[in-house]
Amino acid sequence: MEQPHISLKRRNLMLGAAAAGVAALTQPLSVLAQGADEIVIGGSIPMTGVFAFAGVGINAGMQDYVKIVNDAGGIKGRKIRYVPEDTGYKVDVSVATFKKLTSQNKINLYYGDSTGFAKTINPELDRNGQILMAGASFASELNDPKKYPNQFLVGPDYTEMFGILLKHIAKEKPGAKVAFVYSDSEFGRDPIEASEAAAKKLGLSVPIKIMTPAGSVDVSTEVIKLRRAAPDYTIFHGYILAPIPEFINQGKQQGMKSKWMGTFWTMDSSTVMKMGEAADGFMGVMPFRYYYDTEKAPMLEKIRAMRPEYQSTAYVQGFLAAMLFLESAKRCLDAGKPLSGPNLKAALNSLKDFDTGGLIGVPITISGNSIPVGRVYQADMKAQKMVAASDWIKL
Amino acid sequence: MRIGTLKESYTADAALFDSRTQKIWLAIASMLLMLFPFVASDYWLYLACLVAIHVASTTGLNILTGYTGLVSLGQAAFMGLGAYTVAILQTRWGTPFALNLLAGGLVAMVGGIIVGIPSLRVKGLYLAIATIAASFIAHFLFANLKITGGTAGISLPPARMLGIDLDTSFRLYWLIVPVTVLMLLAAANLFRTRIGRAFIAIRDRDISAEVLGIPLLRYKLLSFGLSSFYAGVAGGLWAYFFRVVTPESFPLTMSIFFLAAIIVGGMGSILGGILGAVFMTMVPELLKLIVDLLPGGAELTVFLSPVRLIIFGGLIIAFLVFEPLGLAEMWRRVRRFFHLWPFRN
């Protein structure tokens with residue numbers, strides 16, 4: 001019987017693939033040479049996938065701050081090395097990245113990409129005891145220094161973001177009716193229960209809560225329900241963009257007078273501008289200053305000098321994360337303490353009225369796992385900018 | 001040198017491992033599996049555990065889709081059922097992990113049988129959609145039941161064996177890999193039995209199978225049950241591995257991942273399931289390592305990450321076009337080549 005045989009081309013292809021595989025396999029075994037006096041920041045960064053828009057900005061922000069510090073001679077003569085890797089915003093890939101980076105480098109500081117990752121890796125951080133971690137997640141659950149002793153949030157948690165908005169509303173219109181529209185996800189549901197109670201405490205009422213699938217498009221029935229409740233303010237949470245513009249457009253067409261609000265991941269300038277004319281006046285909470293803010297901010301000026309084009313709020317978040325990381329490391333080294341997770345965290349918690357160079361408009365104090373400060377900004381569609389609508393609000 | 005294999009009896013022909021060479025290679029492979037944890041870094045151990053979990057679940061899907069011909073896109077949901085069962089038992093009652101894993105498998109099995117009920121009436125794409133519906137229902141239950149901890153999910157303590165916490169990849173390896181190997185052996189044996197042959201008969205032509213006296217509903221449900229049992233145990237291992245279970249841990253894309261794994265690996269072949277799971281898990285990682293070898297650092301990562309995904313997608317398409325029977329068929333070709341070497345190549 002004629003036996004099928006392997007063609008030369010196919011054999012070469014297989015050999016090539018095998019050679020590439022072997023080359024790749026051998027690489028991680030040779031641990032990269034690392035200076036003993038280096039400070040290493042590892043990163044599980046989502047540069048592909050649904051969260052890539054933020055990951056690319058975060059990566060650039062971290063890179064730039066590390067460059068600034070290295071150009072100034074490092075920290076106490078120690079150079080900083082930043083080793084990021086793409087995760088595609090998948091928890092298992094992110095954990096693999098963490099394992100890989102920690103087995104190849106002596107990581108001191110780590111940036112994680114999601115709530116899922118932060119929760120999954122927490123036992124490992126506790127066991128390892130060498131790493132302080134921050135990340136892209138603002139989940140309220142992570143804002144617990146007992147449960148997550150080696151982690152912190154680079155801003156207020158989602159419940160605190162709602163708290164800032166509600167405080168602003170209570171001041172602007174006491175007794176107002178506030179609707180919550182949120183996505184059916186961990187991210188979306190996170191602040192709802194606690195915020196409903198917080199609203200009541202502030203004398204506000206929550207006549208309606210609407211949950212939709214994340215990124216849904218057809219929301220006409222939800223808009224009708226919302227219109228019936230006639231809220232003075234509507235806060236969206238757990239979305240990036242869709243279905244917010246749909247809600248606003250349809251709501252306005254049906255004569256709704258509500259003010260529309262969002263939380264951090266919706267509030268990047270480019271995201272809000274994509275909502276179109278109907279979103280003029282769209283408000284939301286932002287823990288950082290925008291790239292183009294004109295108020296005095298020497299660090300923003302530095303950023304603008306390095307990168308003349310607009311940088312997203314995710315960039316500022318990454319930049320600030322690196323700043324807080326390295327400030328903690330500096331304080332540890334100044335006190336002559338080794339760079340361990342608990343020491344780094346204690347150094348972070350020693351920040352009292354710390355000046356971020358204007359990235360946050362007021363000096364910050366980190367007593368727990370979050371930075372409970374933010375400001376309400378509003379979209380000015382004519383100027384294509386976000387403008388401040390309140391002072392900095394501390395919780 | 002060996003030239004072909006000689007079978008002198010039906011028993012020899014139906015043996016699980018059919019030649020001495022194969023047995024020797026399997027012994028070597030087992031030795032390597034035992035040695036691996038002692039030489040590999042944490043990263044490779046982590047990947048080995050992840051691959052083993054994927055292999056277990058893929059093999060389950062292969063029983064259902066590859067051997068019985070019933071398409072399912074609900075494998076991740078059944079993994080979720082297993083993972084939640086393990087997490088609940090572990091956190092509430094602290095029962096031993098072996099019992100929890102078994103319970104996880106059984107709960108998923110019940111789920112699988114329920115979802116499998118429409119399989120007598122609907123086939124192919126229709127069945128695929130029915131199983132997708134099941135995964136939506138499972139997601140809803142995970143997110144809304146009180147016992148599952150809602151959207152925040154459940155964090156569970158590590159499994160304990162002989163008073164030792166299985167909290168590192170090294171320790172978990174000794175739980176995950178043996179369980180997966182046992183499951184693989186069971187699956188390979190299944191197709192030497194009456195039940196396995198009935199599955200294959202149903203896949204090849206269900207009407208003929210019924211004419212031959214195979215009760216279709218019973219065997220289809222059995223196939224769903226077994227497949228889900230595998231998924232449930234894999235989900236349980238997953239829960240112990242990651243130690244956090246949330247409703248978003250088992251998305252629909254994960255089910256597609258397993259389906260892709262059996263197609264790329266080779267449907268209706270135990271080896272195919274293994275190779276497919278290894279391919280789908282490891283190739284993106286290997287591509288990442290290759291990208292890392294290129295100079296350029298963090299700046300380059302931003303540009304090369306999407307390229308990596310494109311190459312991975314391209315590789316899958318290339319496999320399907322050039323070797324539709326999957327990686328297992330490529331392996332068979334290689335084996336055949338060495339069987340006859342040096343007389344024929």
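The sequence lines fix the lettering, A, B, ..., with proteins before strands; numbering per chain opens at 1.
Counting heavy-atom pairs closer than 4.5 Å to chain B, the top-ranked of the candidates A:P123, A:G116, A:A139 is A:P123. In terms of heavy-atom pairs under 4.5 angstrom with chain B, the leader among A:E186, A:E85, A:K90, A:E124 is A:E186. Of the listed residues (A:T48, A:I121, A:V56, A:D190), the one with the most heavy-atom contacts under 4.5 Å to chain B is A:T48. Listed options A:E141, A:M62, A:R127 were ranked by heavy-atom pairs under 4.5 angstrom with chain B; first place goes to A:R127.
Without hydrogens or angle criteria, A:N105 side chain to A:L101 main chain gives a donor-acceptor distance under 3.5 Å.
Proximity to chain A is absent for every atom of B:T281, based on heavy atoms less than 4.5 angstrom apart. For a residue to count as touching a neighbouring chain, one of its non-hydrogen atoms must lie under 4.5 Å from one of that chain's; by this rule B:S305 touches chain A with backbone and side chain alike. When heavy atoms are compared at a cutoff of 4.5 Å, A:T102 does not approach chain B at all. Heavy-atom distances place both the backbone and the side chain of A:V95 under 4.5 Å from chain B. Both the backbone and the side chain of B:F242 come within contact range of chain A, with heavy atoms under 4.5 Å apart.
Remark: A:D71 pairs with A:K67 by the salt bridge (Lys or Arg N to Asp or Glu O under 4.0 Å) rule, at least two apart or across chains.
Applying the side-chain hydrogen bond (donor to acceptor under 3.5 Å, both in side chains) test to residues at least two apart or on different chains, the pairs with a partner in residues 137-157 of chain B are A:R189-B:N144.
Checking B:D42 against A:S103 by side-chain atom types alone, no donor-acceptor pair falls below 3.5 Å. In the model, A:D113 has a side-chain atom that pairs as donor or acceptor with a side-chain atom of A:S94 under 3.5 Å.
Salt bridge absent: A:K100 and B:E285 never bring a charged side-chain N and a carboxylate O closer than 4.0 Å.
None of A:W265, A:F187, A:F138 except one satisfies the ring-ring contact (aromatic ring centres under 6.0 Å, His included) rule with A:H237; the exception is A:F187.
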